[in-house]
Amino acid sequence: MAPWIIQIALVAMSILTETTEGKKDTVLYCSACRAIVDELNYSISQIDPKKTIHVGGFRLNPDGSLTDKKVPLARSEANLSELLDGVCGSMSDYALHVDPDTKIKQYKRFAPRSSDAGDFPDFNNFKFDGPEGSNALKFVCESIVEEFEDYIISLFAKETDHVVDKLCNEVSGTVSDMLWFLSDQASSLPLNA
């Protein structure tokens with residue numbers, strides 16, 4: 001009699017674990033990934049391109065000389081690591097934006113930067129969920145940064161074009177998931193709208 005009780009318990013547990021596994025919110029993950037790239041690009045653009053930093057080891061070459069190399073500060077690994085540590089703090093400047101025409105949802109920056117003189121977005125299309133919305137975006141941002149920190153630094157250090165595509169699509173798959181989600185959302189829109 002005991003074996004069938006154990007089997008029922010195992011079946012019940014497997015059903016419960018399957019239903020409690022959460023599906024990744026593609027809007028949230030894609031928006032967080034894009035926000036990371038946007039914030040890092042902005043931070044890098046604010047650094048004087050003439051500033052350099054000495055990198056290299058402190059080992060002596062066989063001839064007694066020291067190998068020392070100067071690289072631009074903005075794209076140095078040390079600077080990128082420091083910028084990456086603080087990038088998720090700006091997620092409170094983002095909110096859920098609903099496109100009025102297509103009804104497509106994504107998180108966008110609503111707070112202007114200090115260099116954006118008077119360039120304010122239309123707040124009617126933003127949905128402010130209070131601290132819960134930005135906390136969720138910040139959590140996802142921190143998860144992406146923690147998981148892909150070395151890859152993010154290597155992409156930005158090489159000044160790679162299309163960093164959003166390479167980071168969000170190739171590594172985390174969120175953009176490809178998002179494109180599928182958006183095409184699915186668009187196909188469900190009424191044709192006469």
Side-chain angles (χ1 to χ4, degrees), residues 15-46 80-81 83-116 119-156 160-193:
I15 291 172
L16 288 175
T17 56
E18 286 180 19
T19 58
T20 57
E21 286 181 10
K23 186 176 179 186
K24 188 162 56 170
D25 184 353
T26 54
V27 172
L28 189 62
Y29 273 78
C30 184
S31 297
C33 187
R34 289 181 172 277
I36 291 168
V37 173
D38 181 52
E39 292 297 323
L40 287 175
N41 277 331
Y42 177 77
S43 297
I44 290 169
S45 73
Q46 297 304 302
L80 290 172
S81 181
L83 292 176
L84 207 51
D85 286 342
V87 74
C88 296
S90 62
M91 294 301 122
S92 59
D93 294 341
Y94 288 78
L96 187 62
H97 178 267
V98 180
D99 188 282
D101 299 325
T102 62
K103 306 297 184 220
I104 293 175
K105 298 176 183 179
Q106 63 181 340
Y107 283 82
K108 285 188 174 183
R109 186 177 181 87
F110 68 87
R113 294 184 171 107
S114 58
S115 62
D116 298 340
D119 189 20
F120 294 104
D122 182 12
F123 289 111
N124 294 330
N125 299 324
F126 283 95
K127 291 190 176 189
F128 296 97
D129 299 333
E132 296 85 28
S134 62
N135 285 345
L137 191 65
K138 184 176 181 178
F139 176 77
V140 171
C141 173
E142 290 169 348
S143 299
I144 291 172
V145 167
E146 182 179 331
E147 188 173 346
F148 301 110
E149 181 174 10
D150 293 336
Y151 187 70
I152 294 169
I153 289 173
S154 70
L155 281 177
F156 278 94
T160 307
D161 293 333
H162 312 292
V163 174
V164 168
D165 297 335
K166 289 186 179 181
L167 175 64
C168 302
N169 193 14
E170 292 176 11
V171 174
S172 61
T174 57
V175 172
S176 61
D177 291 346
M178 182 67 175
L179 292 175
W180 171 82
F181 175 74
L182 293 178
S183 66
D184 187 46
Q185 242 187 354
S187 66
S188 66
L189 290 174
L191 295 176
N192 58 0

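- Put simply, the side chain of K108 reaches to within 4.5 Å of the side chain of F126, judged on heavy atoms.
- The side-chain heavy atoms of D99 and N125, taken from C-beta on, include no pair separated by under 4.5 Å.
- Contact of the F110 side chain with the H97 side chain is not registered, since no non-hydrogen atoms from C-beta on lie closer than 4.5 Å.
- Interatomic distance, S154 OG to F148 CZ, rounded to the nearest 0.5 Å: 12.0 Å.
- Counting all heavy atoms, side chain and backbone alike, L96 lies closest to Y107 at N-CD2, 3.6 Å.
- The nearest pair of heavy atoms linking C141 to M91 is CB-CG, 3.9 Å.
- Annotation for F128: atom CZ counts as buried by contact number, over 12 foreign heavy atoms lying within 6.0 Å.
- Here I152 contributes atom CD1 and E146 contributes atom CD; the two are 11.0 Å apart, rounded to the nearest 0.5 Å.
- When every heavy atom of C88 is checked against every heavy atom of E142, the shortest pair comes out as SG-N, 3.4 Å.
- No side-chain heavy atom of L40 sits less than 4.5 Å from a side-chain heavy atom of V163.
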D25 vs K105, salt bridge (charged side-chain N to carboxylate O under 4.0 Å, His left out): CA-CA, chis, key distance, verdict: CA-CA 12 Å; D25 184 353; K105 298 176 183 179; over 6 Å; no
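- Nearest heavy atom pair, residue C33 against residue I144, reads N-CD1, 4.0 Å.
- Annotation: side chain to side chain donor-acceptor pair (under 3.5 Å) contacts of S43 (sequence neighbours excluded): none.
- We find the CZ-OG distance between R34 and S31 to be 8.5 Å, quoted to the nearest 0.5 Å.
- The nearest pair of heavy atoms linking I44 to L83 is CG1-CD1, 3.9 Å.
- Here the closest non-hydrogen pair linking Y94 and R109 is CD2-N, 3.2 Å.
- We find the CG-CG distance between L80 and D85 to be 11.0 Å, quoted to the nearest 0.5 Å.
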